[in-house]
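For reference, positions follow the sequence shown, starting with 1.
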Amino acid sequence: MTPPTALTIAGSDSGGGAGIQADLRTFFAHGLHGLVALTAVTVQNSLGVQGFTEIPADVVTAQIKAVASDMGVNAAKTGMLATAEIIRSVAKTLDEVEVGPLVVDPVAASMTGHALLREDALEAIRTELFPRATLITPNLDEVGLLTGISVSDATSQRAAAEALLEFGSQWVLVKGGHMTGSTCVDLLTDGREYVSLSGPRFETDNTHGGGDTMASAITSSLAKGASVPDAVAAGKKFIERCVAESYPLGAGVGPVSPFWVLPDRR
């Protein structure tokens, strides 16, 4: 039986914890066949990103067209898109091919603060990509860059979500992982329905790839036909378990782990 497919349009992580590597193993953990349109090659490890080289925009879009025309795409997500040219080219291509629901994870910087976008790319994300998105999944640092709003509580989180909706996506998920407190509260809204998803906050520094993994888990459920609220709820449960089972690797920040889905992890 042929499994559903999901496409990641994102950069590569040489350390294996984030980017397309995190997306593909999350797709696999959900029983999906993963497809790839590579946008950039990063040089990074657990200590951070030392640099990156973007893939030519026409090569990025050719990858999307190749897999969409032949294999079909039940759902897609974007991660690191690097440049305004790549973002505009991807947006145009998404109008030309069928990729199902689209999750946009507006990756702007690594968790260690290294920029993963050229300076002119934020506006392209707002104007070109968000209007085509089924769901956008920014963390609080990305919310600040995109809207200028500093989120510190439920009131500012809602204000940020409403500001983000103005850019045109169907749904917004403002993740609360960077707030403080014993619980982690994410806010999902389409402007009419507001859903707060609360979960435990784990005492670990090993959270590399958490945003990519959550977005690709949501994409996986959408590829199987779930509604956005159900897909986000399932994605939150998945990433909670991945953070709980994260592991140290290298001298810096270790990755979250989807290995808990395996029947025998020894």
Quiz item: Is any side-chain heavy atom of Ile64 closer than 4.5 Å to a side-chain heavy atom of Val73?
Solution: no

Exercise. Go through Asp23 and Thr8 one step at a time and tell me if the side-chain hydrogen bond (donor to acceptor under 3.5 Å, both in side chains) criterion holds.
Key: CA-CA 7 Å; Asp23 294 335; Thr8 171; 2.6 Å; yes

Quiz item: Quick one: does Phe238's side chain get under 4.5 Å of Thr213's, heavy atoms only?
Solution: yes

Quiz item: Between Arg126 and Glu123, does at least one N-O distance fall below 4.0 Å, as a salt bridge requires?
Solution: yes

Quiz item: Of all heavy-atom pairs between Ile125 and Pro106, which one has the smallest distance, and what is that distance?
Solution: CG2-CB, 4.3 Å

Quiz item: Does Ile55 reach the side chain of Thr39, with side-chain heavy atoms less than 4.5 Å apart?
Solution: no

Quiz item: Take atom CZ in Phe167; do more than 12 heavy atoms of anything else shown fall under 6.0 Å from it?
Solution: yes

Quiz item: What is the minimum heavy-atom distance between Ala82 and Glu54, and which atoms define it?
Solution: CB-CB, 4.1 Å

Quiz item: Does any non-hydrogen side-chain atom of Arg25 lie less than 4.5 Å from one of Pro255?
Solution: yes

Quiz item: Between Leu173 and Leu140, is there a shared hydrophobic cluster once you connect ILVMFWY residues whose side-chain heavy atoms come closer than 4.5 Å?
Solution: no

Quiz item: Are side-chain heavy atoms of Met214 and Cys242 found at a separation under 4.5 Å?
Solution: no

Quiz item: Between Cys184 and Gly176, what is the shortest heavy-atom contact and its length?
Solution: SG-C, 3.8 Å

Self-check item: Shortest non-hydrogen contact between Leu188 and Leu197, atoms and distance
Solution: CB-CD1, 4.1 Å

Exercise. Carefully, step by step, assess Leu32 and Lys224 under the rule side chain to side chain contact (heavy atoms under 4.5 Å, CB included).
Key: CA-CA 9 Å; Leu32 270 66; Lys224 295 178 179 180; 3.4 Å; yes

Exercise. Take Arg201 and Ser182, measure what side chain to side chain contact (heavy atoms under 4.5 Å, CB included) needs, and give me the verdict at the end.
Key: CA-CA 6 Å; Arg201 188 180 300 278; Ser182 59; 5.8 Å; no

Self-check item: Atom of Leu165, atom of Ser169 and distance for their closest heavy-atom approach
Solution: CD2-O, 3.7 Å

Quiz item: Is there a side-chain hydrogen bond (donor to acceptor under 3.5 Å, both in side chains) between Ser156 and Asp153 once you walk through the steps?
Solution: CA-CA 6 Å; Ser156 54; Asp153 54 25; 2.8 Å; yes

Quiz item: Taking all non-hydrogen atoms of both residues, which atom of Ser46 and which atom of Ala251 are closest, and how far apart?
Solution: OG-N, 3.2 Å

Quiz item: Applying the side chain to side chain contact (heavy atoms under 4.5 Å, CB included) test to Thr134, which of Val103, Ile218, Val228 qualifies?
Solution: Val228

Quiz prompt | Connected via hydrophobic side-chain network under 4.5 Å: Val232 and Val151 | solution = no

Quiz item: According to the interplanar angle, ranging from 0 to 90°, do the rings of Tyr247 and Phe259 count as parallel (below 30°), tilted (30 to 60°) or perpendicular (above 60°)?
Solution: parallel

Quiz prompt | Contact check, side chains of Leu38 and Ser12, non-hydrogen atoms, under 4.5 Å | solution = yes

Quiz item: Does a sphere of radius 6.0 Å around CD in Glu162 hold more than 12 heavy atoms from other residues, nucleotides or ligands, not counting ones at 6.0 Å or beyond?
Solution: yes

Exercise. Would you please test Trp171 and Glu193 for side chain to side chain contact (heavy atoms under 4.5 Å, CB included) and show each step?
Key: CA-CA 10 Å; Trp171 292 83; Glu193 181 179 358; 3.6 Å; yes

Practice problem: Decide yes or no for Thr5 and Val67: does some side-chain heavy atom of the first lie under 4.5 Å from some side-chain heavy atom of the second? | Solution: no

Quiz item: Quick one: does Leu164's side chain get under 4.5 Å of Pro138's, heavy atoms only?
Solution: yes

Practice problem: Using the side chain to side chain contact (heavy atoms under 4.5 Å, CB included) rule, take Thr61 and Ile86 through it: C-alpha gap first, then chi angles, then the decisive distance, then the call. | Solution: CA-CA 8 Å; Thr61 57; Ile86 290 175; over 6 Å; no

